[in-house]
Protein chains: 2
Amino acid sequence: MASTFEVLAEPARRNLLDALRIRPRPVGELVRLLGLSQPGVSKHLRVLREAGLVRVRQDAQRRWYELRSEPLAEVDAWLEPYRQLWSDRLDALERHLGDTASHENE
Amino acid sequence: MASTFEVLAEPARRNLLDALRIRPRPVGELVRLLGLSQPGVSKHLRVLREAGLVRVRQDAQRRWYELRSEPLAEVDAWLEPYRQLWSDRLDALERHLGDTASHENE
DNA sequence: GCGGTGCATGCTTTGACAGGTATATAACCG
DNA sequence: CGGTTATATACCTGTCAAAGCATGCACCGC
């Protein structure tokens, strides 16, 4: 089973997640939204499902796909130690702006 | 040039970033840390460089690679609307725990 | 200058993956 | 039942990326 990062590497799959983030949708609707072939969409959905990023609810002949955010939380956790880097940088910017403001009449 | 997500799909490259997050390092050190061949590491570093995730500082025959976090901030931004999903879920959990606690003697 | 070190690049093979078309499966409707 | 809708899977093809090995290139110390 592919890692969450590998799954997210494919733009079409990120688009699928973006669509499912709004609300669950059946496959046909995703096909229309993405403009891919139906088999193409089904195959991406399979990858997403096997990675735990979506789950399916069957409703007669329709299959409603919905988002599962847990794997994304892991990505967020990986990112966590890096986040500090740009917040540090923002802090520095803010200090700089503060300095500039306090010197702005010199 | 590959997207940041594509670049992060490769585990070795995430390992490189994790190593460079601590401090800048020359290639040889990264080779030792990752246990890959030197050309392999160099090629991954090239991909990281072309995606803007690292930059190089040349020091005589050594090349010091250091992290550039900007592209990671973009990933973080993509993740942003999803983050709400698990914070919502945490909120719900906390409410549930609160309810449970208030009923725990029933 | 010369051997040695540190690193990049070229080449080749191999395997994975995406997209398409055609087809299978399953459930609905009349 | 028969046709139709909704979705999945099989198969094929082209593309691309990763890994290994060999080699090139730049700089160092002597």
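Model, not experiment: these values are computed from the prediction.
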Those residues at least two apart in sequence (or on a different chain) that pass salt bridge (Lys or Arg N to Asp or Glu O under 4.0 Å) with Arg63(B) are none
Salt bridge (Lys or Arg N to Asp or Glu O under 4.0 Å), that's the test. Do Arg23(A) and Glu29(A) meet it? Break it down for me. CA-CA 11 Å; Arg23(A) 54 184 167 79; Glu29(A) 190 176 341; 3.2 Å; yes
CG (Leu36(A)) and CG (Asn15(A)) are apart, to the nearest 0.5 Å, by 8.5 Å
Query raised in the report: Closer than 4.0 Å, any side-chain N/O of Tyr65(B) to the OP1 or OP2 of dG6(C)?
Result: no
Checklist entry - Is the shortest distance from a Lys or Arg side-chain nitrogen in Arg55(B) or Glu70(B) to a carboxylate oxygen in the other one below 4.0 Å? => result no
May I ask you to verify if any side-chain N or O of Arg62(A) is less than 4.0 angstrom from the OP1 or OP2 atom of dA6(D)?
yes
Regarding the side chain of Pro39(B), the nearest nucleotide among dC7(C), dC21(D), dA8(D) is dC21(D)
Contact check, residues 8-38 of chain A vs DNA chain C, heavy-atom distance under 4.0 Å, returns Glu10(A), Arg13(A), Ser37(A)
Check Arg83(B) with Glu80(B), please: is the shortest side-chain N to carboxylate O separation under 4.0 Å?
yes
So, are Lys43(A) and Glu10(A) salt-bridged, with charged N and O less than 4.0 Å apart? no
| said: Can you confirm if the aromatic rings of Trp78(B) and Tyr82(B) lie within a centre distance of less than 6.0 Å? | reply: yes
Between Ala2(A) and Asp59(A), the residue closer to the 5' end of DNA chain C by nearest nucleotide is Ala2(A)
### Query
Do the non-hydrogen side-chain atoms of Trp64(B) and Val56(B) ever get within less than 4.5 Å of each other?
no
Ordered by number, residues from residues 43-56 of chain B within less than 4.0 Å of DNA chain C (heavy atoms) are Lys43(B), Arg46(B)
From CD of Gln61(A) across to C1' of dT7(D) the rounded distance in Å is 10 Å
